[in-house]
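Notes follow once the structure below has been shown.
Owing to the predicted nature of the structure, the values given are computational and were not obtained by experimental measurement.
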Amino acid sequence: GAISDVARAQPVPQANHSVNDVQARLAVLDSALRVAKEQVDELAVSAESPALKSALTLAQHLLGRLRAGWCRAADCLGLPT
C-alpha cells in the first residue's frame, strides 16, 4: 500500500552507536530496572494506605513487564541478563 511505498523510498537506516555503546546503555537500563524493582518491593512492605498499595502493585506489574521485555531483548542481542 501507500505506507509500504513510502517506507521503501526511505534510505536505509545507519547505526549511530557502536555495539559497545549499546551494551553499555543496556547495562545501565538493567541496573535501573533492578534498583527500581527493589525500591518498589521495599516500599510495598510498609505501605498502609490502599491507594499506595494499589500504586505499588501497578508499579510492580509495569516493572515486571519492562524487565520481561528487557530480558527478551538481551536474549536477542546475546547479552547477559
Side-chain angles (χ1 to χ4, degrees):
I3 294 176
S4 297
D5 293 339
V6 171
R8 278 197 279 308
Q10 297 301 310
V12 175
Q14 299 296 315
N16 293 325
H17 303 286
S18 69
V19 171
N20 289 339
D21 185 38
V22 171
Q23 287 176 331
R25 289 170 182 241
L26 291 175
V28 170
L29 173 61
D30 180 51
S31 178
L33 289 173
R34 184 172 289 125
V35 168
K37 182 184 180 321
E38 290 169 0
Q39 290 176 342
V40 169
D41 290 347
E42 185 178 318
L43 186 56
V45 171
S46 61
E48 294 181 10
S49 76
L52 181 56
K53 287 180 183 182
S54 293
L56 293 171
T57 298
L58 176 59
Q60 287 170 323
H61 171 75
L62 294 174
L63 286 167
R65 294 290 304 264
L66 284 170
R67 184 80 182 133
W70 153 246
C71 290
R72 282 193 299 278
D75 287 343
C76 291
L77 297 171
L79 303 174
T81 54

Short question: side chain of S31, backbone of A27 - any donor-acceptor pair under 3.5 Å?
no

From [X] atom [atom1] to [Y] atom [atom2], the distance as rounded to the nearest 0.5 Å:
X	Y	atom1	atom2	result
K53	E48	NZ	CD	7.5 Å
R8	S4	CZ	OG	5.0 Å
L33	E38	CG	CD	11.0 Å
K37	Q60	NZ	CD	6.5 Å
L58	L62	CG	CG	4.5 Å

Residues that S18 engages under side chain to side chain contact (heavy atoms under 4.5 Å, CB included), provided they are two or more places apart:
N20, D21

Closest heavy-atom contact between A47 and L56?
CB-CD1, 3.7 Å

